[in-house]
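Basis for what follows: all heavy atoms, side chains included, without hydrogens, waters or symmetry-related copies. Just so we're on the same page: letters track the sequence lines, and every chain starts at 1.
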2 protein chains.
Amino acid sequence: MTSLSDPRRNEALRRRPTMKNVADLAGVGVKTVSRVINREPHVSEETIARVRRAAEQLQYQPDMQAGNLRRADRRTDTLGLLVGSVANPFSAAVHRAVEDIALERHVAVFASSLDEDPERELSSVNAFLRRRVDGLILTTIQPSQAYLGAQLDRGIPIVFVDRRPNGIEADAVITENAEGATGAVEHLLALGHRRIAYLGDDEKIFTARERKRGYLDTLRRHGVAPEDRLIVDNLDDEAKASDAVARLLALDDPPTAIFSAQNLITLGVITSLRSAGASTRVALVGFDDVPMAAMLEPAITVVAQDPASIGEIAARRVFDRLDGLDEPARDFIVPTRLIVRGSGEIRPF
Amino acid sequence: MTSLSDPRRNEALRRRPTMKNVADLAGVGVKTVSRVINREPHVSEETIARVRRAAEQLQYQPDMQAGNLRRADRRTDTLGLLVGSVANPFSAAVHRAVEDIALERHVAVFASSLDEDPERELSSVNAFLRRRVDGLILTTIQPSQAYLGAQLDRGIPIVFVDRRPNGIEADAVITENAEGATGAVEHLLALGHRRIAYLGDDEKIFTARERKRGYLDTLRRHGVAPEDRLIVDNLDDEAKASDAVARLLALDDPPTAIFSAQNLITLGVITSLRSAGASTRVALVGFDDVPMAAMLEPAITVVAQDPASIGEIAARRVFDRLDGLDEPARDFIVPTRLIVRGSGEIRPF
DNA sequence: TTGAAAGCGCTAACAC
DNA sequence: GTGTTAGCGCTTTCAA
């Protein structure tokens with residue numbers, strides 16, 4: 001007999017019950033328990049009931065890890081998601097969409113933040129791979145993703161999000177960056193603006209490059225020569241964006257409008273325009289929506305992205321491939337939407 | 001010889017390489033490969049190099065799931081996190097903090113959104129348990145968490161976040177809800193407000209109950225009798241909060257100040273005050289910070305929570321318990337901070 | 001309808 | 001220093 005203080009009993013309590021324990025308690029073989037747990041046919045109602053009761057009594061939870069080891073399809077029902085930061089609203093919206101699609105298939109999602117750190121990309125991907133994720137959804141920052149080639153060949157679906165992969169052929173889901181920028185710039189041109197400043201992030205980032213391209217091409221197409229003085233790159237935080245705006249406003253012929261190519265930059269622009277008392281004089285269109293944009297004065301006109309669609313499309317693509325879809329890698333382009341709110345409709349002075 | 005079209009070769013390519021494959025290629029036994037991979041001592045430099053080369057060549061990734069099956073500590077280096085929604089800024093900040101602490105220990109985090117759905121709580125917890133997570137960090141909505149007792153006994157650390165557990169003794173990390181509400185109400189009382197409205201969420205939610213208690217107690221303590229007409233519960237979205245404010249403003253003796261006990265409610269209040277032209281006349285203090293609060297006109301005074309600390313404390317507690325800490329379950333109370341920005345400093349009319 | 005035995009990829013225990 | 005064997009909890013295979 002075992003008492004509460006008997007170390008063997010404590011040991012037994014701590015160890016999670018196994019299929020064998022359930023089988024013994026129910027007086028059947030392990031395979032029968034396996035059949036019941038996995039709802040396989042050819043088990044009598046009575047046996048099912050007995051096994052269920054035993055499992056219930058022991059609070060048995062099957063160990064998926066052990067099961068997956070031998071299972072034919074070798075799936076872990078697990079997905080890895082790599083984003084800029086799970087705390088960033090854009091990434092969080094992508095994450096949520098991925099989770100919702102995954103949930104339909106009883107797939108759990110590992111999420112990991114990158115912070116634009118290439119080392120972290122490698123270590124996170126490896127951490128996921130060692131845990132045998134069935135598929136990967138990645139926002140990458142490594143210059144090349146060739147290191148993933150072997151996994152792709154091995155049949156692990158990899159879908160890139162918000163970036164196009166380099167050195168590897170894989171699916172990608174991206175916002176129509178250049179076209180969105182074109183929409184913003186044409187909106188400003190139509191109001192009569194000609195001196196339209198561009199404030200953007202590091203050109204090493206794919207999305208920054210694309211948006212800038214859209215800006216430049218659109219100006220040229222409309223017969224406006226881009227001016228170097230009105231173009232500022234490498235703005236990787238709010239403060240830098242603010243400073244850049246202050247400098248632009250101090251020019252002899254300051255811009256009458258600003259196209260801000262990223263979220264955080266837009267916030268810096270707003271702050272700076274306000275403190276210069278220029279927020280109702282200089283037009284502003286931002287790429288990517290800003291929280292509370294509609295409640296600001298003036299409300300901020302933006303080219304909004306659709307992170308929920310991006311996440312959903314990426315997740316569906318992963319599952320389509322897991323279901324055996326075998327077509328060449330392709331891009332999925334997700335449209336943007338110009339949301340007119342006020343700041344972008346200010347006319348040139 | 002195997003060609004590209006040989007199905008056996010494709011099969012071999014698709015199967016992920018095992019320790020055995022590496023061992024064969026390196027001409028050693030599996031245990032030696034295991035030693036090298038796990039950086040165990042007693043392997044010659046030369047053997048290490050040979051094994052490394054073979055592993056590299058095959059792009060070998062150890063299978064943690066298989067390893068954990070036999071390993072003494074039986075850890076999966078995996079954590080489960082259950083939050084309201086990964087897309088909600090508060091939850092996302094908690095998530096990020098948990099991830100950062102987990103990363104230090106090479107632990108991967110499963111995150112799952114609940115959407116206040118009790119069914120989802122159960123299925124997510126079970127999904128995590130079947131995947132043998134080492135610990136659990138939970139925002140719960142089930143009326144009782146007694147169903148987790150067996151896991152807790154089994155030594156799986158469970159830490160509750162933003163809610164206190166019911167029917168089970170477990171650690172909890174919570175914001176000082178009542179005290180934060182007290183701070184907000186005292187701030188308004190000090191300015192001379194007496195008719196202070198309360199707008200809150202469903203009282204079934206722990207945090208809503210606590211904040212309301214803080215509001216009521218504080219009024220009474222200062223000799224102000226709470227007025228039923230100024231108290232509105234069950235506001236679970238922005239629109240309902242807006243409507244409630246409209247009704248409050250239409251009273252014969254409308255409130256001169258509003259204490260909004262939750263994020264989304266605050267947004268609804270702002271909208272409604274604005275459209276009534278009352279945003280510079282009626283004072284507003286919100287519980288939980290609002291994005292862009294400082295950029296609004298007036299800027300919004302809030303009782304800010306500290307989700308990053310909450311996540312960090314919860315994660316550390318899980319790891320302390322995994323490290324063998326054996327002390328009774330306790331609460332960790334995380335302080336709030338009153339951020340004075342303008343809306344809360346409007347004097348009574 | 002049921003179960004015994006082998007094996008999934010790895011680590012533990014122990015032998016050499 | 002290195003290898004062999006057993007076994008983790010499950011599924012597969014195959015026999016009863």
Side-chain angles (χ1 to χ4, degrees), chain A residues 11-12 14-52 54-55 58-77 129-133 154, chain B residues 11-12 14-52 54-55 58-78 129-134 154:
Chain A
E11 190 47 37
R14 290 185 78 85
R15 233 184 161 69
R16 78 190 259 158
T18 70
M19 212 168 239
K20 178 84 171 55
N21 301 144
V22 177
D24 290 349
L25 182 60
V28 299
V30 278
K31 178 67 231 192
T32 300
V33 177
S34 172
R35 286 202 182 88
V36 174
I37 296 294
N38 297 305
R39 299 179 185 329
E40 283 171 36
H42 310 307
V43 188
S44 73
E45 284 303 325
E46 195 219 309
T47 311
I48 292 179
R50 233 186 20 254
V51 170
R52 284 259 153 75
L58 294 176
Q59 294 242 37
Y60 172 70
Q61 290 274 9
D63 182 334
M64 282 183 65
Q65 321 232 15
N68 289 325
L69 205 51
R70 189 69 165 89
R71 182 174 276 118
D73 61 16
R74 305 189 54 71
R75 296 276 164 80
T76 56
D77 288 342
L129 256 18
R130 278 197 298 272
R131 286 178 176 79
R132 286 223 352 239
V133 294
R154 212 163 273 150
Chain B
E11 191 47 38
R14 290 186 78 88
R15 234 184 159 71
R16 76 189 260 158
T18 70
M19 212 168 239
K20 179 82 169 57
N21 300 144
V22 177
D24 290 349
L25 182 60
V28 300
V30 279
K31 179 68 234 194
T32 301
V33 176
S34 173
R35 286 200 182 89
V36 172
I37 296 294
N38 296 307
R39 294 167 169 21
E40 283 170 35
H42 312 306
V43 188
S44 74
E45 283 303 324
E46 196 218 309
T47 310
I48 291 179
R50 223 174 43 246
V51 170
R52 284 261 154 75
L58 293 176
Q59 295 242 35
Y60 172 71
Q61 292 272 10
D63 182 334
M64 282 182 66
Q65 321 232 12
N68 290 325
L69 206 52
R70 189 66 166 91
R71 181 175 277 120
D73 63 15
R74 305 190 54 73
R75 296 276 165 80
T76 55
D77 288 342
T78 289
L129 256 17
R130 279 196 299 272
R131 287 177 176 79
R132 287 225 350 242
V133 294
D134 296 334
R154 211 163 274 149

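Not a single side-chain hydrogen bond (donor to acceptor under 3.5 Å, both in side chains) links A:R52 to another residue, sequence neighbours left out. In this structure A:L129 satisfies the side chain to side chain contact (heavy atoms under 4.5 Å, CB included) test together with A:V125, A:N126, A:V133, A:L136, A:Q151, A:I156, B:Q61, sequence neighbours excluded. A:I37 pairs by the side chain to side chain contact (heavy atoms under 4.5 Å, CB included) definition with A:M19, A:V33, A:Y60, A:P62, not counting sequence neighbours. Residues forming a salt bridge (charged side-chain N to carboxylate O under 4.0 Å, His left out) with B:D134 (at least two apart in sequence, or on another chain): none. For A:R75, there are no side-chain hydrogen bond (donor to acceptor under 3.5 Å, both in side chains) partners two or more places apart in sequence or in a different chain. Looking at residues two or more places apart in sequence or on another chain, you find a side-chain hydrogen bond (donor to acceptor under 3.5 Å, both in side chains) between B:N21 and B:T18. The salt bridge (charged side-chain N to carboxylate O under 4.0 Å, His left out) search around B:R132 returns A:D63, not counting sequence neighbours.
B:R131 has its side chain out of reach of B:T78: every pair of non-hydrogen atoms, C-beta onward, lies at least 4.5 Å apart.
Taking each heavy atom of B:V22 and B:A55 in turn, the nearest pair found is CG1-N, 3.9 Å.
Within residues 41-48 of chain B, no residue has any heavy atom under 4.0 Å from DNA chain C.
Interface limits on DNA chain C: the 5'-most and 3'-most nucleotides within less than 4.0 Å of chain A heavy atoms are C:dT1 to C:dG9.
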Practice problem: Go along nucleotides 8-16 of chain D 5' to 3' and tag each nucleotide: B for a protein heavy atom under 4.0 Å from its base, S when only backbone or sugar atoms are that close, - otherwise. | Solution: BBSBBB---
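A:R74 places no side-chain N or O within 3.5 Å of a backbone atom of B:R15 that could act as its donor or acceptor partner.
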Self-check item: Criterion side chain to side chain contact (heavy atoms under 4.5 Å, CB included) on B:L69 and B:Q65, from CA distance to verdict
Solution: CA-CA 6 Å; B:L69 206 52; B:Q65 321 232 12; over 6 Å; no
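In the helix from C:dT1-D:dA16 to C:dC16-D:dG1, the terminal helix axes, each the rotation mapping four pairs' C1' atoms onto the next four within five end pairs, subtend 40°, rounded to 10°.
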Contacts under 3.5 angstrom, residues 38-48 of chain A side chains, donor-acceptor by atom type, not counting sequence neighbours:
| unit_1 | atom_1 | unit_2 | atom_2 | d |
| --- | --- | --- | --- | --- |
| A:N38 | ND2 | A:S34 | O | 3.0 |
| A:N38 | ND2 | A:S34 | OG | 3.4 |
| A:S44 | OG | A:T47 | N | 3.2 |
| A:S44 | OG | A:T47 | OG1 | 2.6 |
| A:E46 | OE2 | A:R50 | NH1 | 3.0 |

